[in-house]
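Each remark here refers to the structure printed beneath this line.
Each ligand, and each atom within it, is numbered from 1 in the order the structure gives. For the single chain, residues carry numbers from 1 onward in sequence order. Hydrogens, waters and symmetry mates play no part in the numbers below; they use all other heavy atoms, side chains included. Everything numeric here is computed off the predicted structure, so don't read it as measured data.
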Amino acid sequence: MGLTTALLLQQSGVNVTIYAKDRPNEARSAYATGVWSPDSRICSEEGATPAFAALWEKMCRDSFRKYQTLLGVAGTPVEWRDRYSVSSIPFEELKKKREAEEGPYKFGKFGDLVKNLTPGAEELAPGTHPFGVPYVRRATSMVFNIASFQRILMQDFLAEGGRMVRKEFNTAADFATLPEKTIVHATGYGARALLGDESVIPVRGQLALLIPQPEVNYSLSGEDVSMVSRSDGIVVQTSKPTDFNNTDEIPNRADSEAGVQALAKIMVPLWRAI
Ligand SMILES: Cc1cc2nc3c(=O)[nH]c(=O)nc-3n(C[C@H](O)[C@H](O)[C@H](O)COP(=O)(O)OP(=O)(O)OC[C@H]3O[C@@H](n4cnc5c(N)ncnc54)[C@H](O)[C@@H]3O)c2cc1C
């Protein structure tokens, strides 16, 4: 968010210095799965007011348009990929199951406002796909190759005369030590420790990164696992109801292995699927 905001400020003619304790490739953003999921857990159901929905839709459409300008750029920062949704139960049932698993915390959902931005999904009948489950849908989704995306943003920022200074802020009073008169605060999850802002809530679980397989040129989302194949590796992710507000950042090999095993169950050998 900080780097993107800096670029937008530069485009408006402002000189920008970024102060951050981590470089982009060390920041939390470097660990994102990398899918275009603009309304995913962005706010609580109570926060989803009509005014916020309208603002969200505008921001979503603006950023969508902007990301299209990065298609075909060397390093493939942004691309469109097939995404298969697979399930052992009908998708309507799966949706209800997921909603029930959200627990007492309900998220605002805005996807219907921008349905016309992306191609719709098509159902694939059994026998027309190689997956070991009866319900399969194929859609096309936008994916970010995070390493390359971050580098391009960084190069653009430096080319516009930007400066990045490594600096850690320990309290809000440290902001006053900066020579600049205007500050955009974008410490993300770091705002919890820095400002005691507990409204920033961790919502994601463990990721496993498998070595890249360029021939796997699609993404997949199952009942208990999702997979995004990027040029820097295959991201395998499990989701659990306990992910919400789980501040534990220690990698858990068992979770990662469970994700890979769940994926393996879906990927039946082709000779069995035919
Ligand atoms: C496992 C996982 C998967 C995800 N997948 C997706 C996805 O597929 N799609 C999607 O849209 N989103 C995804 N997200 C969410 C997304 O990654 C985050 O919302 C986003 O990266 C946050 O970016 P940010 O710039 O706000 O924060 P950060 O990337 O955390 O950047 C914060 C910056 O502030 C600096 N900073 C923090 N505290 C201080 C301090 N005290 N002093 C100085 N500097 C400080 C840091 O060094 C860093 O440079 C995922 C998140 C996780 C954890």
Output yes when K58 and D62 qualify as a salt bridge under the 4.0 Å nitrogen-oxygen rule, no when they do not. yes

Taking R61 first and then E57, would you say they form a salt bridge - that is, a charged N and a carboxylate O separated by under 4.0 Å? yes

With the criterion set at N/O pairs under 3.5 Å, what does the list of contacts between the protein and ligand 1 look like, atom names and distances included?
residue: ligand 1; atom: 5 (N); partner: T33; partner atom: N; Å: 3.0
residue: ligand 1; atom: 5 (N); partner: T33; partner atom: OG1; Å: 3.2
residue: ligand 1; atom: 8 (O); partner: G34; partner atom: N; Å: 3.0
residue: ligand 1; atom: 8 (O); partner: V35; partner atom: N; Å: 3.0
residue: ligand 1; atom: 9 (N); partner: V35; partner atom: O; Å: 2.9
residue: ligand 1; atom: 9 (N); partner: S37; partner atom: OG; Å: 3.4
residue: ligand 1; atom: 21 (O); partner: S29; partner atom: OG; Å: 2.7
residue: ligand 1; atom: 23 (O); partner: S29; partner atom: OG; Å: 3.0
residue: ligand 1; atom: 25 (O); partner: M1; partner atom: N; Å: 2.8
residue: ligand 1; atom: 29 (O); partner: S29; partner atom: N; Å: 2.9
residue: ligand 1; atom: 29 (O); partner: S29; partner atom: OG; Å: 2.5
residue: ligand 1; atom: 41 (N); partner: F169; partner atom: O; Å: 2.9
residue: ligand 1; atom: 42 (N); partner: F169; partner atom: N; Å: 2.9
residue: ligand 1; atom: 44 (N); partner: K21; partner atom: N; Å: 3.0
residue: ligand 1; atom: 47 (O); partner: D22; partner atom: N; Å: 2.9
residue: ligand 1; atom: 47 (O); partner: D22; partner atom: OD2; Å: 2.7
residue: ligand 1; atom: 49 (O); partner: D22; partner atom: O; Å: 3.4

Which one of V35, T118, V143 satisfies the side-chain contact (heavy atoms from CB on, under 4.5 Å) criterion with R83? V35

Cation-pi between K167 and F169: NZ/CZ under 6.0 Å from ring centre and within 45° of the ring axis? yes

Report the distance from atom CG of D255 to atom OG1 of T242, rounding to the nearest 0.5 Å. 7.5 Å

What class does the angle between the rings of F144 and W36 fall in, given that below 30° is parallel, 30 to 60° is tilted and above 60° is perpendicular? tilted

